[in-house]
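Quick note on labels: first sequence line is chain A, next is B, and so on, each numbered from 1.
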Protein chains: 2
Amino acid sequence: MDRLSLVFAALADPTRRAILARLADGEATVNQLAEPFPISLQAVSKHLKVLEQAGLITRGRDAQWRPCRLEAAPLRDISAWAEQYRRFWDERYDRLDDYLRTLQTGPTAEEK
Amino acid sequence: MDRLSLVFAALADPTRRAILARLADGEATVNQLAEPFPISLQAVSKHLKVLEQAGLITRGRDAQWRPCRLEAAPLRDISAWAEQYRRFWDERYDRLDDYLRTLQTGPTAEEK
DNA sequence: TCTCTATTCAACCAACCGGTTAATCAACCG
DNA sequence: CGGTTGATTAACCGGTTGGTTGAATAGAGA
């Protein structure tokens with residue numbers, strides 16, 4: 001599976017997005033990450049594996065703890081991907097688009 | 001399921017992202033959308049239903065055709081969601097962050 | 001060493017996903 | 001009307017997912 005699909009699939013789960021939100025406040029262990037959720041520690045461990053394979057987190061080693069750290073690069077990628085479509089939602093982009101079109105057609109007209 | 005999860009799940013499939021890319025060039029019928037893919041028309045129809053439920057497309061009616069149109073609002077939403085994490089990837093944002101911190105601590109120090 | 005804590009691995013299960021084929025619906029056209 | 005085209009629905013299938021419980025591994029500490 002391609003990288004982008006892995007990232008989108010990882011983000012499709014609310015629990016995993018909540019884990020990322022928590023990691024935005026700093027590193028955390030598996031137990032700390034699992035604490036807010038009404039699911040087993042093993043389930044959280046699986047979620048972390050999915051996030052890790054998507055490149056959204058990395059895991060270190062501190063004695064018997066495995067501190068998790070947020071990796072934002074894939075988020076930059078999906079943001080950039082979505083930005084491809086900005087012209088379909090951004091009015092100002094439309095006006096910029098018009099402006100660019102003017103620059104292109106204007107001089108051509110003057111060449112006549 | 002919450003809206004954001006639906007959108008991410010819809011985008012997790014490469015075929016569906018390709019369909020969106022095609023729709024960026026303008027409306028298209030189901031047959032036109034299905035043409036590039038080595039899968040059945042019914043499979044494409046299912047993909048379109050997923051995209052529609054995620055709010056990424058709308059479908060009109062023109063005789064026996066069902067023209068599909070791109071709806072970019074959910075893409076704006078996921079872009080905005082990802083932007084929450086910009087400070088974790090953008091160096092310039094870090095420097096802005098430092099600057100804002102300076103503005104905050106500076107005057108406070110002067111109040112002494 | 002034995003024990004406790006943190007975490008992962010393994011096996012299992014119900015539900016979902018992406019695909020198929022066959023049947024059905026909807027609208028035009030002769 | 002009957003036939004053709006465009007599209008959806010239904011039933012099915014194998015693989016994946018998100019959860020469970022139970023066993024296993026890794027390291028700290030008495």
Side-chain angles (χ1 to χ4, degrees), chain A residues 1-23 26-71 74, chain B residues 1-23 26-71 74:
Chain A
M1 185 136 67
D2 60 297
R3 173 54 59 124
L4 209 51
S5 296
L6 280 178
V7 177
F8 278 127
L11 296 177
D13 187 286
T15 301
R16 288 195 286 263
R17 290 199 305 278
I19 289 174
L20 292 182
R22 165 64 186 81
L23 288 177
E27 292 194 357
T29 68
V30 180
N31 265 299
Q32 289 169 339
L33 290 173
E35 193 273 324
F37 303 107
I39 61 177
S40 71
L41 205 70
Q42 292 94 322
V44 172
S45 193
K46 281 191 185 180
H47 282 306
L48 293 176
K49 187 186 271 182
V50 173
L51 290 170
E52 190 174 30
Q53 288 186 323
L56 286 161
I57 65 169
T58 51
R59 278 187 277 187
R61 165 69 74 167
D62 176 12
Q64 66 265 57
W65 293 274
R66 304 292 310 275
C68 296
R69 154 189 291 265
L70 178 66
E71 293 294 333
Chain B
M1 185 132 72
D2 60 299
R3 174 52 60 119
L4 209 51
S5 295
L6 280 178
V7 177
F8 279 127
L11 297 177
D13 188 286
T15 301
R16 287 195 286 262
R17 290 199 305 277
I19 289 174
L20 292 182
R22 165 65 186 80
L23 289 177
E27 293 195 356
T29 69
V30 180
N31 266 299
Q32 289 169 338
L33 290 173
E35 192 272 325
F37 303 107
I39 61 177
S40 71
L41 205 69
Q42 292 93 322
V44 173
S45 192
K46 280 192 185 183
H47 283 305
L48 293 175
K49 185 185 272 185
V50 173
L51 289 170
E52 189 174 31
Q53 288 186 322
L56 285 161
I57 65 169
T58 49
R59 280 187 276 189
R61 166 70 74 166
D62 175 12
Q64 66 265 56
W65 294 273
R66 303 293 312 275
C68 297
R69 155 189 292 263
L70 177 66
E71 293 293 334

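Extent of DNA chain D lying under 4.0 Å from chain A heavy atoms, first and last nucleotide in 5' to 3' order, is D:dG18 to D:dA28.
Within residues 38-47 of chain B, the residues approaching DNA chain C are B:I39, B:S40, B:Q42, B:A43, B:K46, B:H47, by heavy-atom distance under 4.0 Å. A heavy atom closer than 4.0 Å to some atom of DNA chain C occurs in no member of residues 3-20 of chain A. Within a heavy-atom distance below 4.0 Å of DNA chain D, the residues of residues 53-65 of chain B found are B:R59, B:Q64, B:W65.
What you find for A:V7 and A:A54 is that their closest heavy atoms are CG2-O, 3.6 Å.
A close approach under 4.0 Å does occur between a side-chain nitrogen or oxygen of A:K49 and OP1 or OP2 of C:dC9.
For the pair A:L11/A:L56, a side-chain contact is recorded, criterion being any heavy-atom separation below 4.5 Å from C-beta on. A 4.5 Å side-chain heavy-atom check between A:V44 and A:N31 finds every atom pair outside the cut-off.
Contacts of B:Q32 classified as side chain to side chain contact (heavy atoms under 4.5 Å, CB included), with partners at least two apart in sequence or in another chain: B:R22, B:A28, B:T29. Scanning for side chain to side chain contact (heavy atoms under 4.5 Å, CB included) contacts around B:P36 gives an empty result, with sequence neighbours left out.
Within the structure, ring pair (Phe, Tyr, Trp, His ring centres under 6.0 Å) pairs that include any residue of residues 1-21 of chain A comprise A:F8-A:W81 (at least two apart or interchain). Applying the side chain to side chain donor-acceptor pair (under 3.5 Å) test to every pair with at least one member in residues 60-70 of chain A, sequence neighbours left out, gives these pairs: A:E27-A:R69. Listed by first and then second residue, the side chain to side chain donor-acceptor pair (under 3.5 Å) pairs that reach into residues 39-57 of chain B are B:R16-B:H47, B:E52-B:R59, sequence neighbours excluded.
Once rounded to the nearest 0.5 Å, the distance linking CD1 of A:I57 with CD1 of A:I19 reads 7.5 Å.
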